[in-house]
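All of these numbers come straight from a predicted model, not from anything done at the bench.
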Amino acid sequence: MTVQNAEIADRFEQLADLLELQGANPYRVRAYRNAARFIRGHSRSLAEMLGEGADLAELPGIGADLAGKIATLVRSGRLPLLEQTAKKVPAPLVEMTRIEGLGPKRAQALYEALQIRSLEDLARAARSGRIRELPGFGARTEQLIAQRVERAATAEHRLRLADAEQVARPLVAYLRGIAGVKDVEVAGSFRRRRETVGDLDLLVSAARGAKVMDRIVRYEEVAEVQAQGSTRATLRLRNGLQVDVRVVPAAAFGSALHYFTGSKAHNIAVRRMAMARGLKLNEYGVFRGQRRVGGRTEAEVFAAVGLPVIPPELREDRGEIDAARRGKLPKLVRLEDLRGDLHCHSRATDGRDTIEAMARAAAGRGYEYLSINDHSRHVTVAHGLDRKRLLEQIRAIDRLNARLGGITVLKSVEVDILEDGRLDLPDGVLKELDFTVCAVHYGFGYGRARQTARLLRAMDNPYFSILAHPTGRLINSREAYDIDLERVLEAARERGCVMELNAQPDRLDLDDRGCRLAKEMGVRVAISTDAHRVADLDLMRFGVDQARRGWLEPGDVVNTLPLAELRRVLRR
DNA sequence: GCCGTTTTCGGCCCGACTGTTTTCAGTCG
């Protein structure tokens, strides 16, 4: 059993929480959190790196001590310090700090003075009015705790980016309509195009903040105003989403935009560079002593520290600052670089629209080609195609291409990978296609070795072209199936196979780290919508967002290629 | 616990808001 990066990160985060409750050196706590964040976002498996004899202490934020702890964890599955610390820190304390507004100090006070041992105890204590009697607490705090314990019980997931857009769009329009407001941007993870967002960070420039604030908190979707000052307000909308709004003067909009776009780790690194140059950088601008030397635009902020503008999608402190400093920032793929969509369904199986309607819609989006990838027979619920029906579809597409102008419909399929790694249709029909998209749709629970072997075997088939949604995860609802992604990528490179980045907002699979790993390992990616209707073709931009977060450039993405070259790449 | 153009010790980002306080601790981002 290989220990995954996410597990290592989880353990370090748990340890950080416990150490914080113990009143440990805050910088030591931060060191664990920083390491956890790096490990979670790192594309390569630390366990495998160790297996290859790598020195983990060379990784940023990981020194000799943490490298040793990771080695122990990988070898034994255990983190002794975590086990020891967990024995000393009562579990209810940890639970209480998950409540907004309760940090280590207040949780400790509640635990000791009121013998709170569970969130139920906490809710009871709040209702009975005992919390307000503690020093440092009052009636207001007590009331908030009562509300927030309630909410914690029905805690929501982070919102998928596409859903967050639905909330953000009308809110931004409302803000733009307020008198005195100049610029409005959604910053934070939304601007970095993360696949999910925990809250919305809205940045507004206006001369008179307090007046604008009064209007903002009256937005009709606001359920609760959690904080309101003259420059900042925290709101909770009716749908449960938290919104932070900041108002800054126009002269500081760029520095504020940079600051509130984050990520936090990226900001800290940039701020450090500013300090090294004798500058002070905060949300109000770039300063040399008392004198402001920039901040109206983000470009000014980056220029002040001697960097080109780093695209928001890269701002995760995953090497982008170093790349920028060396002039090696990737020229990220853009929506307009794409020449076609390589995974679409039609009415023949579970799609809603005809092949012709899909093709015309794709032509209308400026595409040069579009492929039709209906399911194969194993997916009975979708009335998957057997050999005979697929052959008929092939002939129908030939006839369609003969009369369609301006776009080429590619003949393909989304063929199931069976449990033993065979494909669900005979080679005799697969060879009639332009290429194949191959997918796992069942048997998600196989162990890592079996699942990996299944994919490798499938890729041995000479007609295997693209691995669809390679990990099978569904954001907020289904874990990725257990595969050794590095081995799969290695096999893909050897065999000339391509990985899909499925652009469905609940898939985005490969994810950003997977894309980056594919790129590093020399495997190309197809960004595809998996469209089941014409409107789904517009989901492509979410795939592009994720690809950009994965550092992909046009040359890493097969569907930026002109048709003739694409055919060459997909024909193994 | 990490790290190094202030380099192996002594720093580590820092401002806003709230609630309970009469000047600030706690929390958050």
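- As a whole-Å value, the separation of A:R148 CZ from B:dC28 P is 9 Å.
- Under the 4.0 Å criterion applied to side-chain N and carboxylate O atoms, A:D322 and A:R326 are assigned as salt-bridge partners.
- Here, B:dG11 and B:dT20 have their P atoms 36 Å apart, quoted to the whole Å.
- Residue A:T234 places no side-chain N or O under 4.0 Å from the OP1 or OP2 atom of B:dC28.
- Under the Watson-Crick or G-U wobble criterion, with both distances below 3.5 Å, B:dG11 is paired with B:dC2.
- With rounding to whole Å, A:I39 atom CD1 is found 11 Å from B:dC2 atom P.
- B:dC14 and B:dT8 have their C1' atoms separated by 27 Å, with the value rounded to a whole Å.
- Each of A:K264 and A:G136 lies near DNA chain B, and the nucleotide nearest A:K264 is the one positioned closer to the 5' end.
- Listed for the A:N476 side chain is a donor-acceptor partner under 3.5 Å among the backbone atoms of A:R158.
- Regarding contacts with the backbone of B:dG19, a side-chain N or O of A:R140 is found under 4.0 angstrom from either OP1 or OP2.
- Taking the P atoms as reference points, B:dC9 lies 45 Å from B:dT18, given to the whole Å.
- Contact annotation for A:F260: no contact, since no heavy-atom pair falls under 4.0 Å across all strands.
- Between A:R124 and A:E120 no salt bridge is recorded (no basic side-chain N to carboxylate O distance below 4.0 Å).
- A:E553 is listed as a side-chain neighbour of A:K331, based on a closest heavy-atom distance under 4.5 Å.
- Side chain of A:Y27, nearest nucleotide from B:dT27, B:dT20, B:dC12: B:dC12.
- Considering only side-chain N and O atoms, A:Y284 lies under 4.0 angstrom from the phosphate OP1 or OP2 of B:dA16.
- Checking B:dC13, B:dT20, B:dA16 against every side-chain atom of A:I268, the shortest atom distance belongs to B:dC13.
- A close approach under 4.0 Å does occur between a side-chain nitrogen or oxygen of A:T231 and OP1 or OP2 of B:dC17.
- Counting non-hydrogen atoms under 4.0 angstrom, A:S230 reaches the backbone sugars and phosphates but no base.
- For A:E142 and B:dG19, the CD to P distance is 14 Å, given to the nearest whole Å.
- A:N25 contributes a side-chain N or O that forms a donor-acceptor pair with the base of B:dG1 under 3.5 Å.
- At the heavy-atom level, A:P60 lies under 4.0 Å from the strands shown only through sugar-phosphate atoms.
- Spacing between B:dG10 and B:dA25 at atom P, rounded to whole Å, works out to 26 Å.
- Between A:R325 and A:E320, none of the side-chain N atoms (NZ, or NE/NH1/NH2) sits under 4.0 Å from a carboxylate O, so this pair counts as no salt bridge.
- Between B:dG15 and B:dG4, the two P atoms lie 25 Å apart (nearest whole Å).
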Donor-acceptor pairs under 3.5 Å, side chain of residues 12-21 of chain A to any protein atom, not counting sequence neighbours: which ones?
residue	atom	partner	partner atom	Å
A:E13	OE1	A:R40	NH2	3.1
A:D17	OD1	A:R33	NH2	2.8
A:E20	OE1	A:R33	NH2	3.0

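- The side chain of A:K280 places an N or O atom within less than 4.0 Å of a non-bridging phosphate oxygen (OP1 or OP2) of B:dG15.
- Residue A:L281 is out of contact with every strand shown, counting any heavy-atom pair closer than 4.0 Å.
- Closest to the A:R30 side chain, of the nucleotides B:dC13, B:dG1, B:dC28, is B:dC13.
- Nucleotides B:dT23 and B:dC13 place their C1' atoms 24 Å apart, quoted to the nearest Å.
- The pair A:E52-A:R44 meets the salt-bridge criterion, with a side-chain N (NZ, NE, NH1 or NH2) lying under 4.0 Å from an Asp/Glu carboxylate O.
- B:dG29 atom P lies 14 Å from atom CZ of A:R194, rounded to whole Å.
- Using a 3.5 Å distance cut-off with no hydrogens or angles, the side chains of A:R191 and A:T261 do pair a donor with an acceptor.
- Spacing between atom CD of A:E58 and atom P of B:dG4 amounts to 12 Å, rounded to whole angstrom units.
- A salt bridge links A:D556 with A:K519: at least one charged nitrogen is closer than 4.0 Å to a carboxylate oxygen.
- Among the heavy atoms of the strands, none lies under 4.0 Å from A:A276.
- Each of A:P135 and A:Q226 was assigned the nucleotide of DNA chain B with the nearest heavy atom; the assignment lying further toward the 5' end belongs to A:Q226.
- If you check B:dT18, B:dC13, B:dC2 against the side chain of A:D65, the one that comes closest is B:dC2.
- Closest to the side chain of A:R271, out of B:dG15, B:dC13, B:dT18, is B:dC13.
- The only member of A:E486, A:R318, A:E520 that meets side chain to side chain donor-acceptor pair (under 3.5 Å) when paired with A:S43 is A:E520.
- B:dT21 and B:dG26 have their C1' atoms separated by 12 Å, given to the nearest Å.
- Nucleic acid contact for A:A139: sugar-phosphate only, since backbone atoms but no base atoms lie under 4.0 Å from a heavy atom of the residue.
- Within residues 242-259 of chain A, the residues that place at least one heavy atom under 4.0 Å from DNA chain B are, in residue-number order, A:Q242, A:R246, A:Y259.
- Rounded to whole angstrom, the span from the CZ atom of A:R37 across to the C1' atom of B:dC2 amounts to 13 Å.
- Rounded to whole angstrom, the span from the NZ atom of A:K105 across to the C1' atom of B:dT18 amounts to 17 Å.
- When distances run from any side-chain atom of A:D201 to the nucleotides B:dC14, B:dG29, B:dG1, the shortest one goes to B:dG29.
- Taking atom P in both B:dC12 and B:dC17, the straight-line distance is 24 Å, to the nearest Å.
- A straight line from CZ of A:R272 to P of B:dC13 spans 5 Å, rounded to a whole angstrom.
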